[in-house]
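The structure under discussion appears below in the form of structure tokens.
In what follows, every chain begins at residue 1, and chains take the letters A, B, ... in the order their sequences are listed.
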Amino acid sequence: MAWFRPASRSASSVPPCVRLCYTLARPAQRLNRQESPMTVVTRFAPSPTGYLHIGGARTALFNWLFSRHHQGRFLLRIEDTDRERSTEDAVRAIIEGLRWLGLDWDGEPVFQFARASRHADVARDLLAKGRAYHCYCTPEELAEMRERARAEGRSPKYDGRWRDRDPKEAPPGAKPVIRFKAPQSGETVVEDLVQGRVAVANAELDDMVLLRADGTPTYMLSVVVDDHDMAITHAIRGDDHLTNAFRQTQLFLACGWQPPRYAHIPLIHGADGAKLSKRHGAVALGDYAHLGLLSEAMRNYLLRLGWSHGDDEIIPTAKAIEWFNLESIGRSPARFDMEKLLSLNAHYIREAAGDVLRPPVAALIEKSLARALTTEEGIQLDRLLPALKPRARTLIELANGAAFLFRPRPLPLDAGATKQLGPDGKAALRAFAERLSTCSDWSAATLEQATRAEAEAKGLKLGAIAQPLRAALTGSSVSPPIFDVMAALGREATLGRITDVTRT
RNA sequence: GUCCCCUUCGUCUAAAGGUUAGGACACCACUCUUUCAAGGUGGAGAUACGGGUUCAAUUCCCGUAGGGGACGCCA
């Protein structure tokens with residue numbers, strides 16, 4: 001098909017009327033036309049029909065990293081052309097998810113449906129140029145067509161019955177759709193930046209619907225027009241769009257436009273190797289934020305799922321921007337591994353400064369306490385945070401680990417703690433309390449010194465005092481180093497908690 | 001069913017013709033130690049299978065098997 005080949009691969013071959021007539025979702029939004037053709041422009045184009053899931057988040061991350069690496073632009077386009085299923089809640093979830101992940105987009109988000117009339121214009125233009133046609137098939141007729149094809153072992157495609165038929169034969173009153181007149185011979189090639197050269201015989205593809213009977217554009221039309229109008233240079237998206245890329249390429253060429261470079265990244269699978277779905281547990285990005293993950297850890301994990309830089313595992317965002325490239329994206333699907341995500345999160349918690357961790361942890365504690373922390377309690381938390389960090393994989397674990405600090409006296413004791421506070425334990429504590437009350441310097445080092453001196457004086461192993469002490473101070477047999485606990489608690493709270501258990 | 005893609009330790013991956021096939025998570029042991037972690041040291045663990053090409057295949061080609069994706073007036 002001669003017309004199927006682009007006359008020119010440059011965007012300037014687009015007729016001026018086409019270039020000028022697009023409409024914008026927001027008047028303030030500048031489409032990228034006037035910028036240098038070398039500027040990288042990527043986009044994340046989710047449909048607001050549900051939460052932002054982990055796979056979409058990675059797609060967004062890759063697009064963001066690629067544009068930031070090239071000092072280009074990263075645009076957000078909400079593909080809300082499915083009026084039935086698009087919701088404002090989903091739009092909000094997507095935006096909140098991206099914000100949490102730290103992926104900032106340039107300009108205002110583009111709402112695709114707001115551009116519907118522009119899309120329809122392109123469809124009618126194609127119709128006028130003979131590259132699209134009216135199809136009067138009913139949905140029932142199409143379903144039957146597919147069923148028969150499947151039964152006969154053929155591909156369930158539209159058979160093109162209205163492609164060359166005279167519209168005069170149209171059933172009276174029927175509202176037609178506009179279908180693309182796709183090339184029927186030859187092949188369509190996508191030079192994919194991840195998958196390499198992928199080709200399909202045009203005979204395999206059918207004539208897709210561009211404009212629905214109600215005059216609204218379909219996804220296939222909208223992406224092409226928007227990717228063109230937004231001057232997208234690189235479309236990085238899930239592997240599930242690979243076959244769409246053939247159709248979209250055909251459409252681009254029919255419009256006389258240059259398609260963006262495509263990069264189809266493999267999907268993320270669940271631990272069982274199947275497509276990630278709700279039955280795999282948390283798949284919404286928001287779920288992970290609520291689990292107490294740091295977004296830096298999430299970015300690092302998502303990046304390593306399918307992309308690599310030698311043996312590097314710990315890749316902070318700044319490094320990721322510096323190193324990111326499309327060549328190092330793998331071609332095979334990856335399974336989601338919560339354990340590894342958690343271990344990465346533990347790493348970033350350990351590395352995080354106290355004042356980064358304190359606000360979210362304090363918020364978590366205040367929520368479970370149903371009250372605000374006092375100034376004194378805030379100081380106690382700050383003092384214990386360094387000792388808590390290596391013991392937590394999530395912010396929630398961090399908050400749980402600190403919870404004993406704020407429990408009202410007398411502390412409830414768990415089974416292990418009760419065991420430590422037998423007659424011997426209590427006796428050791430009673431004696432130790434006397435020495436402790438004479439301690440003037442309440443630092444961990446001094447307290448350790450005092451405790452060791454006490455053990456030596458009584459001929460006891462350190463544990464014989466430390467364990468009952470831990471039980472009395474934390475209500476548990478497991479805690480951060482006990483001298484850190486004493487120092488964090490402070491003199492008054494420490495002596496008080498000891499008295500609580502030695503009184504009886 | 002048709003088309004497209006994929007296949008290195010359990011998992012994520014490195015090695016872009018010549019390596020004792022490397023790292024990370026998880027696992028095991030030891031170590032440190034006041035408990036639990038963290039840390040340190042060590043261990044076990046992989047090129048799906050079958051054919052080619054080559055002096056030499058994880059690497060290139062073909063086939064088989066397995067997995068995934070697409071095939072809507074959804075996106």
* **NZ (Lys461(A)) with more than 12 external heavy atoms under 6.0 Å** => no
* To do: Using a 4.0 Å heavy-atom cut-off across all strands, classify Ile482(A) as base, sugar-phosphate, or nothing.
  => base
* To do: Identify whether any heavy atom of Gly416(A) sits under 4.0 Å from a base atom; if not, whether one sits that close to sugar-phosphate; answer base, sugar-phosphate or nothing.
  => nothing
* To do: Using a 4.0 Å heavy-atom cut-off across all strands, classify Pro333(A) as base, sugar-phosphate, or nothing.
  => sugar-phosphate
* Lys NZ or Arg CZ of Arg179(A) over Tyr158(A) ring: under 6.0 Å, within 45° -> yes
* To do: Check every strand shown and say whether Arg304(A) touches a base, only sugar-phosphate, or nothing at a heavy-atom separation below 4.0 Å.
  => base
* Looking for any heavy atom pair under 4.0 Å, which part of the strands does Arg470(A) touch: base, sugar-phosphate only, or nothing? -> base
* Output, in order, the C-alpha distance, side-chain angles, deciding distance and verdict of salt bridge (Lys or Arg N to Asp or Glu O under 4.0 Å) for Asp226(A) and Arg115(A). => CA-CA 8 Å; Asp226(A) 286 350; Arg115(A) 297 176 37 77; 2.6 Å; yes
* Should the pair Arg131(A) and Phe180(A) be classed as cation-pi, given the thresholds of under 6.0 Å to the six-membered ring centre and 45° from the axis? -> no
* hbond_proxy Lys157(A) side chain to C71(B) base (donor-acceptor, 3.5 Å cutoff) -> no
* So what does Ser476(A) touch, heavy atoms closer than 4.0 Å: a base, only the sugar-phosphate, or nothing? -> nothing
* Asked: For the side chain of Glu313(A), counting heavy atoms from C-beta on, which of A75(B), C36(B), G23(B) is nearest?
  -> G23(B)
* Starting from P on C73(B), measure out to OH on Tyr158(A) and report it in whole angstrom. => 10 Å
* To do: Indicate, with a heavy-atom threshold strictly under 4.0 Å, whether Tyr301(A) touches base, sugar-phosphate, or nothing.
  => nothing
* Identify the nucleotide, in any strand shown, that forms a Watson-Crick or G-U wobble pair with U20(B), with both distances under 3.5 Å; if there is none, say none. => none
* To do: Take atom C1' in U8(B) and the same atom in C49(B), then report the distance between them in whole Å.
  => 15 Å
* To do: Provide, to the nearest angstrom, the distance between the CG atom belonging to Asn300(A) and the C1' atom belonging to A24(B).
  => 11 Å
* To do: Mark yes or no for a side-chain to base donor-acceptor pair under 3.5 Å between Asp311(A) and G22(B), with no hydrogen or angle criteria applied.
  => yes
